Student: 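Here you go, one structure.
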Amino acid sequence: MSPSKIEVVVQALTRARRDSTLALAASLADALGDAGDAYAVQQRVAEELGWFATSPPRHWKAGGASRDAELTCAPLPPEGVWPSPARAGGRPFHLRGIEAEIALRLGREVDQALASTLDARSAPALVDAMAVSIEIVDSRWREALDAPALFKLADLQSHGALVLGDWVPFVARDWAAQACTVRIGSQATVERRGTHSLGDPAHLLPAWLRHATRNGGRVAAGTVVTTGTWVGILDAAEGDLVSAEFPGIGRASVQL
């Protein structure tokens, strides 16, 4: 795909973020040809907005619908990563989708050479801590979550903000038995067990680290990746208090 077409998407997303407006993906329908184009847009928007001008990304999201699906990744703007308990304050959201997740933290630096050797058995040894996280799902597209998949990927896979609970040591768990409870305002409590799409949040580590180092970069010790929802996307509204708890790991909360 030509750089000029990609640049049109970059400018649409950059304006939407700067002005808290929405862009129309349908008007750019042929601008993205594959995931490589979408990742190029991610990088260019980050450059335009200066997200990582002084240091590489320290927070990422990664995930996939199943182990057979292609995993996707996005670096997260630092101003939208908050410790729990968090307050969203006046941050403008077009959506307030809620995902309850487990975030993992690297205990050592990873370069491209190391990333190329990793598999699902060796990669977890690189993680030193985990935390409950809440991702607030949002979109810069007028079509929101109905936008084409590549446009959602270009828009940081519909990322709005990330709330991180307290860090605890990373240890092997029976993820199939792991419970998760989410409370949103006055809605009925949502409870799930063993519902991570990959069966194990650490399963995505090799793919994420190869992506993050693909251009020869390094992923610093202390870098965090949040690993995908256990509850799908739940709807919340302005004014709701949202909490997520994973017994045995911890909890996180955000006041919208």
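Positions are given from 1 along the sequence. Here the structure is a predicted model, which means the values were calculated and not measured.
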Student: Group every Ile, Leu, Val, Met, Phe, Trp and Tyr by side-chain heavy-atom contacts under 4.5 Å, then state whether Trp208 and Leu76 land in the same group.
Tutor: no
Student: Would you call the rings of Trp230 and Trp175 parallel, tilted or perpendicular if under 30° counts as parallel and over 60° as perpendicular?
Tutor: tilted
Student: Taking distance alone, no hydrogens or angles, what donor-acceptor pairs closer than 3.5 Å link side-chain atoms of residues 240-256 to residues at least two apart or in another chain?
Tutor:
from: Asp240; atom 1: OD2; to: Ala237; atom 2: N; distance (Å): 2.9
from: Gln255; atom 1: NE2; to: Gly239; atom 2: O; distance (Å): 2.9
from: Gln255; atom 1: NE2; to: Asp240; atom 2: O; distance (Å): 3.3

Student: Any sub-3.5 Å donor-acceptor pair from Lys61's side-chain atoms to Gln157's backbone N or O?
Tutor: yes
Student: With no hydrogens and no angle check, do the side chains of Ser139 and Ser158 hold a donor and an acceptor under 3.5 Å apart?
Tutor: no
Student: Give every residue pair that meets the ring-ring contact (aromatic ring centres under 6.0 Å, His included) criterion with at least one member in residues 88-123, sequence neighbours excluded.
Tutor: none
Student: Please list, chain by chain and in numerical order, all residues satisfying ring pair (Phe, Tyr, Trp, His ring centres under 6.0 Å) with His59, sequence neighbours excluded.
Tutor: none
Student: Output all residues satisfying ring pair (Phe, Tyr, Trp, His ring centres under 6.0 Å) with Tyr39, sequence neighbours left out; order by chain, then residue number.
Tutor: His211
Student: Take Trp60 and Thr226 through the side chain to side chain contact (heavy atoms under 4.5 Å, CB included) test and state the conclusion after the steps.
Tutor: CA-CA 6 Å; Trp60 290 75; Thr226 192; over 6 Å; no
Student: Is there a side-chain contact between Thr195 and Cys180 in this structure, where contact means two heavy atoms from C-beta onward sitting under 4.5 Å apart?
Tutor: no
Student: Let me see the working for Asp138 and Arg96 under salt bridge (Lys or Arg N to Asp or Glu O under 4.0 Å), right down to the final yes or no.
Tutor: CA-CA 6 Å; Asp138 197 8; Arg96 292 175 179 82; over 6 Å; no
Student: Going by the salt bridge (Lys or Arg N to Asp or Glu O under 4.0 Å) test, which pairs reach into residues 101-119, not counting sequence neighbours?
Tutor: Arg105-Asp128, Glu109-Arg218, Asp111-Arg218
Student: In Å and rounded to the nearest 0.5 Å, what is the OG1 to CD distance from Thr117 to Gln112?
Tutor: 11.5 Å
Student: Scan for salt bridge (Lys or Arg N to Asp or Glu O under 4.0 Å) pairs involving residues 165-185, sequence neighbours excluded, and state none if there are none.
Tutor: none
Student: Could you report the tightest heavy-atom contact between Ala100 and Val182, atom names first, then the distance?
Tutor: CB-CG2, 3.6 Å
Student: Under the salt bridge (Lys or Arg N to Asp or Glu O under 4.0 Å) criterion, do Arg17 and Asp155 qualify, and how do the steps go?
Tutor: CA-CA 10 Å; Arg17 285 184 174 275; Asp155 187 28; 3.6 Å; yes
